[in-house]
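Structure, as structure tokens:
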Amino acid sequence: MSKKKLVLVDGNSIAYRAFFALPLLNNDKGVYTNAVYGFTTMLLKVLDDEAPSHMLVAFDAGKTTFRHKTFNEYKGGRQKTPPELSEQLPLIRELLDAFGIKRYELEQYEADDIIGTLSKQADPKEWDVKVITGDKDLLQLVDEHVHVALTKKGITDMDTYDMKLVEERYGLTPDQIIDMKGLMGDSSDNIPGVPGVGEKTAIKLLKEFGTIEEVLDSIDKVSGKKLKQRLEDNKEQAEMSKKLATIEIKAPVDVKLDSCEFVNEISDKVIKLFKELGFNSLLDRVDSGESEEGDTPTDEIDYEILEEVTMADFGSDAAVVIECLAENYHHGDILGMGIVSEKGKYFIPTDVALKSEAFIEWLEDEKIEKYAADAKQATVSLAWKGIDLKGVKFDALIASYLLNPSDSSHDIASIASRFGLKGVSNNETIYGKGVKQKVPEGKFLSEHIVRKANMLLQVVPRLQESLKKNEQDQLFYDLEMPLSIVLGKMEQQGVQVDVKRLEEMGTELNDQLEKIEAKIFELAGTEFNINSPKQLGEILFEKMQLPVIKKTKTGYSTSADVLEKLKDKHEIVEEILYYRQLGKLNSTYVEGLLKVVNRATEKIHTRFNQALAQTGRLSSIDPNLQNIPIRLEAGRKIRQAFIPSEKNWVVFAADYSQIELRVLAHIAQDDKLIDAFNNEMDIHTKTAMDVFHVEKDEVTSDMRRQAKAVNFGIVYGISDYGLSQSLGITRKEAGQFIERYLKSFPGVKQYMDDIVQQAKQEGYVTTMLNRRRYLPEITSRNFNLRSFAERTAMNTPIQGSAADIIKKAMVEMAKRLEKEKLKTRMLLQVHDELIFEAPKDELEKLEKIVPDVMEHAVQLDVPLKVDYSYGDTWYDAK
DNA sequence: TTAATCACGC
DNA sequence: GACGTACGTGATTAAC
């Protein structure tokens with residue numbers, strides 16, 4: 001096994017160096033950037049030269065350190081850090097975060113001590129360590145496996161010291177560097193040393209005697225009367241100086257070396273930051289610097305445009321790109337197809353492809369393994385053409401998402417640039433955007449598509465390797481890949497809509513809205529746009545003088561919770577709330593849904609985004625079918641418009657009961673919660689019992705309501721503020737409430753503490769099926785950012801595991817329906833709920849199968865419970 | 001075109 | 001005590 005390479009950077013030292021080495025640059029916004037720039041060039045050079053597998057940048061923490069206890073004047077008299085430099089330090093931190101490089105600082109310790117501790121922690125059998133600094137003191141750390149690179153002049157020019165070079169330059173062992181500094185002192189750190197002793201004398205003495213102690217013990221033998229006297233007079237000072245100069249190698253650093261793992265990918269964040277900072281030359285460097293041979297968008301690429309496919313001889317392991325211009329692949333034509341494999345690079349015009357039996361056979365051959373950039377997109381857009389794409393074993397989109405859900409885009413160009421590959425332009429460059437979007441002519445189009453396929457082929461092995469390293473193979477191959485096929489089928493199947501019913505609702509809503517509008521105008525004494533928060537605010541809080549409850553950045557808040565509080569102040573408020581409610585129904589649901597109904601089939605085809613939500617959930621767009629109203633009856637009626645697509649069929653809906661809290665019980669291993677679920681207790685009542693210390697029959701409905709809100713908060717990771725809002729209590733009370741909850745459920749408390757610690761150590765949290773979410777902000781000094789990251793750390797494993805479970809259930813369900821040869825179709829997923837349409841005569845079977853599959857998707861230490869129902873419309877399946 | 005506000009679901 | 005507070009999608013308005 002090859003050794004791991006750890007690079008430790010002395011952040012402050014390098015920042016200082018960079019600042020003073022470079023002229024005071026500033027970018028177009030007037031922000032000083034010279035230190036950041038210098039730091040970045042150093043970083044890029046180190047990444048290039050050292051190719052570290054692990055990396056950490058240490059910073060000095062506060063003003064005082066443990067050394068001040070020894071010597072109050074330590075670092076005294078030092079010039080204050082110039083503000084032009086200190087204002088750049090946060091940017092450097094941001095930069096490191098963008099690079100995904102771990103950074104660390106520790107109260108009472110200096111960066112040196114962190115570096116010393118970590119470098120000595122690294123087992124020489126496993127690690128090679130390289131320290132980057134501008135401070136000679138760190139040379140004391142050099143040993144067989146720890147090397148120190150010292151900046152010479154500028155910042156990128158460095159000498160690497162091993163034991164030999166230290167000996168060569170100083171004639172001393174690394175340990176003796178400390179003694180040297182003890183003797184000669186250090187004016188920059190205000191370490192006194194022995195007056196009159198400089199580097200030369202110090203080295204001479206140490207060569208002769210070995211250490212300060214030995215020098216002092218045998219002062220008699222020192223030659224030179226003056227020197228003798230000076231040593232005699234400054235004995236204690238010399239010893240203290242040595243102590244000050246000694247780097248602590250047992251500092252309480254709570255970083256595991258393995259958590260400093262570093263992957264050298266230039267992320268979008270880095271690019272974005274470089275742009276903000278105006279680092280254009282660096283942009284070019286990261287853009288083209290590391291690309292493979294013949295691999296930039298301007299380099300030529302050799303490919304064949306096929307005018308006919310009689311023999312589909314593309315081999316296996318082929319990258320397939322089915323290009324659609326329309327964002328919505330349910331309608332919109334295929335622009336063309338790109339195939340790249342060992343056999344060659346090809347562009348196939350859509351018409352050529354569609355009339356080639358051989359090619360279609362190739363696409364449909366399960367045994368021919370293919371790679372896709374977006375498998376669901378490719379599958380569904382081909383399905384609309386009657387082609388059943390099969391054999392897709394790798395989807396780059398999903399792989400990229402699993403590796404880091406927070407990356408902003410997972411298209412081929414973005415993935416490629418993260419690996420430092422630049423052989424493909426992004427879609428926007430080729431097609432433009434907005435109104436200017438158009439398909440480029442001839443070669444531009446085919447070349448772009450082929451480049452994509454070509455790049456796909458290159459990134460696949462890299463993505464595979466990363467997945468393996470993260471132990472996400474199973475998650476990818478056994479869960480998300482099969483799920484994408486299932487989702488594609490659900491999308492293409494679509495949901496039948498009762499258009500007439502929707503239109504009726506629309507007419508009715510419009511009538512009502514008109515009436516309410518008239519009434520509001522009358523009450524207000526004037527006409528205005530009720531939909532404009534600005535105008536509404538003016539009417540309510542200026543003209544009508546209602547009390548201002550809350551303000552927003554731009555004016556008065558008119559949100560529902562504010563209006564709710566003003567209800568009894570004026571009749572108009574209730575009318576406005578009602579107007580809002582109906583307005584929302586009409587515009588978003590009635591009109592919105594009608595807009596996306598396929599007029600020929602009267603079906604709606606949503607698209608599930610499988611690579612977006614940070615927690616692992618799905619999302620649904622065009623339209624969003626995961627937020628169809630249910631809470632209020634008026635809205636719930638919208639569901640009457642969702643009907644089965646065949647006669648004598650029903651809508652069948654099954655949902656997990658309290659899946660998140662069950663997952664929490666399991667993950668946290670909280671005995672009380674586990675018991676509660678094992679005994680099929682009402683979980684909110686049980687929570688109320690424990691939090692309020694009352695018996696079951698003493699739980700009032702208000703207690704239960706509050707307990708429910710707390711449970712809600714636990715599941716969604718809301719803050720004390722969030723809870724205070726939902727319960728209408730103060731933040732303090734909400735905080736105490738949460739505390740009481742955690743006291744009542746010590747297992748949960750333990751879990752919450754542990755998971756935050758873990759996130760700090762590893763930099764990410766995981767779900768039951770090893771989905772990851774990185775939380776770089778968990779070490780932020782900004783309270784808000786850090787708190788948010790902490791809550792996310794607690795919440796993501798819960799919500800994400802729940803997402804894992806229902807996804808697994810969906811894959812199993814699809815298999816089961818097929819195996820049992822049922823006609824029932826899965827249509828929608830709404831986070832903890834699956835919606836089917838089913839022939840009535842399959843109901844009996846479904847009532848067994850659906851709960852069975854869903855409840856046994858995974859094995860937890862508490863039972864999973866599924867409720868189900870069915871009816872003639874979605875509304876009736878309640 | 002973009003940001004801000006609001007509202008719907010889980 | 002900061003400061004803006006689960007995740008999404010979508011409609012609307014208003015300023016650019």
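Residue numbers begin at 1 in each chain, while the letters A, B, ... track the order of the sequences. What you are looking at is a predicted structure, and each value in this text was computed from that prediction instead of being measured.
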(request) Specify the separation, in whole Å, of atom CG of A/Asn328 and atom C1' of C/dT9. (result) 14 Å
(message) Could you tell me the boundaries of the chain A footprint on DNA chain B, defined by atoms under 4.0 Å from its heavy atoms?
(response) B/dT1 to B/dC10
(message) Looking at A/Lys534, I'd like to know whether one of its side-chain N or O atoms comes within less than 4.0 Å of OP1 or OP2 on C/dA15.
(response) yes
(message) Any carboxylate oxygen within less than 4.0 angstrom of a Lys/Arg side-chain nitrogen, looking at A/Arg93 and A/Asp97?
(response) no
(message) Tell me whether the side-chain N/O atoms of A/Ser619 come closer than 4.0 Å to OP1 or OP2 in C/dT9.
(response) yes
(message) When you measure only distances, ignoring hydrogens and angles, does the side chain of A/Ser719 come within 3.5 Å of the base of C/dT5 through a donor and an acceptor?
(response) yes
(request) With the side chain counted from C-beta on, respond yes when A/Leu673 and A/Ile683 share a heavy-atom pair under 4.5 Å apart, and no when they do not. (result) yes
(request) Just do the side-chain hydrogen bond (donor to acceptor under 3.5 Å, both in side chains) check on A/Gln750 and A/Asp754 with the steps written out, would you? (result) CA-CA 6 Å; A/Gln750 185 68 41; A/Asp754 290 350; 3.1 Å; yes
(message) Rounding to an integer number of Å, can you tell me how far A/Glu591 CD sits from C/dT9 C1'?
(response) 17 Å
(message) Can you check the distance between C/dA2 and B/dA7, where both ends of the measurement are the P atom (answer in whole Å)?
(response) 28 Å
(message) Whether A/Asn529 contacts C/dT12 is assessed here as follows: a side-chain N or O lying under 4.0 Å from the phosphate OP1 or OP2. Is that the case?
(response) no
(message) Suppose you measure atom P in C/dT5 against the same atom in B/dA4; what distance do you get, rounded to whole Å?
(response) 11 Å
(request) Mark yes when over 12 heavy atoms from residues, nucleotides or ligands other than A/Lys878 sit less than 6.0 Å from its NZ; otherwise mark no. (result) yes
(message) Quick check: A/Phe642 with A/Tyr875 (ring centres under 6.0 Å apart)?
(response) no
(request) Starting from P on C/dT12, measure out to CD on A/Gln535 and report it in whole angstrom. (result) 15 Å
(request) Scan side-chain atoms only and decide if A/Asn711 and A/His684 contain a donor-acceptor pair under the 3.5 Å cut-off. (result) yes
